[in-house]
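Positions are given from 1, in the same order as the sequence printed here.
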Amino acid sequence: MPTIVVTGRHRPHEVLFLVLSTAAGAAFVLGAKPPTTVQQLVGPWVLWTWYLLLLASGVIGLISIVQPDTYRALVLESAAMVGQTAAPLLYGLALLASGVPAAGFAVAFCLTWAGASAWRAWQVGRAMRVLQQAGGQ
């Protein structure tokens with residue numbers, strides 16, 4: 001029987017991004033105004049999609065941390081990582097499409113964030129398959 005090592009739900013950088021996503025998403029959904037420079041670069045639908053994805057994926061990811069059942073926690077974390085991939089990817093591509101050279105750092109940051117979240121989603125999916133093969137689910 002293989003040894004299963006779940007590289008878990010408590011990675012500090014991941015938890016930090018989930019907390020920040022939840023806080024930023026909630027703040028803007030509740031009425032905080034985005035910086036006017038950013039607001040001018042992207043359409044309102046991009047901002048709302050960004051905020052809602054941040055809020056939903058942040059909350060789902062934070063809920064996954066407190067789940068006692070490993071498989072359920074991984075399923076929730078996987079869902080959170082999909083949102084954490086989609087939100088910065090959408091935002092980064094919208095900023096890139098604006099054609100404003102000053103947005104270069106933000107574009108790079110968002111696309112790197114999306115890549116890291118996609119990588120984590122892949123890792124979580126692999127851990128879920130290992131659990132399934134071992135008969136855990």
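Nearest approach of Y91 to C110, heavy atoms of both residues: CD2-SG, 3.8 Å. Taking all atoms of both residues into account, the shortest heavy-atom contact from P34 to L47 is CG-CD1, 4.0 Å. Pairing each heavy atom of P88 with each of G83, the nearest pair is CD-O, 4.2 Å.
How far CZ of R126 is from CG of L131: 12.0 Å, rounded to the nearest 0.5 Å. The CG atom of L18 lies 4.5 Å from the CE atom of M81; values are rounded to the nearest 0.5 Å. Here L96 contributes atom CG and L41 contributes atom CG; the two are 11.5 Å apart, rounded to the nearest 0.5 Å. Atom CG of residue L62 and atom OG of residue S57 lie 9.5 Å apart, to the nearest 0.5 angstrom. How far OG1 of T85 is from CH2 of W113: 10.5 Å, rounded to the nearest 0.5 Å.
No continuous path of hydrophobic side-chain contacts links F28 to L30 [ILVMFWY only; heavy atoms under 4.5 Å]. Cluster membership check: V82 does not share its hydrophobic cluster with L53, using side-chain heavy-atom separations under 4.5 Å among Ile, Leu, Val, Met, Phe, Trp and Tyr.
L20 shares a hydrophobic cluster with L16; the chain of contacts runs through ILVMFWY side chains whose heavy atoms sit under 4.5 Å apart.
Checked against a 6.0 Å centroid threshold, the rings of W122 and W119 count as neighbours.
Not one N or O on the side chain of R72 forms a donor-acceptor pair closer than 3.5 Å with the backbone of P68. Under a 3.5 Å cut-off, the side chain of T22 and the backbone N or O of V59 do form a donor-acceptor pair.
Each of V124, I60, I63 was checked for a side chain to side chain contact (heavy atoms under 4.5 Å, CB included) with E77, and the lone residue meeting it is V124.
The side-chain hydrogen bond (donor to acceptor under 3.5 Å, both in side chains) search around S21 returns Q84, not counting sequence neighbours.
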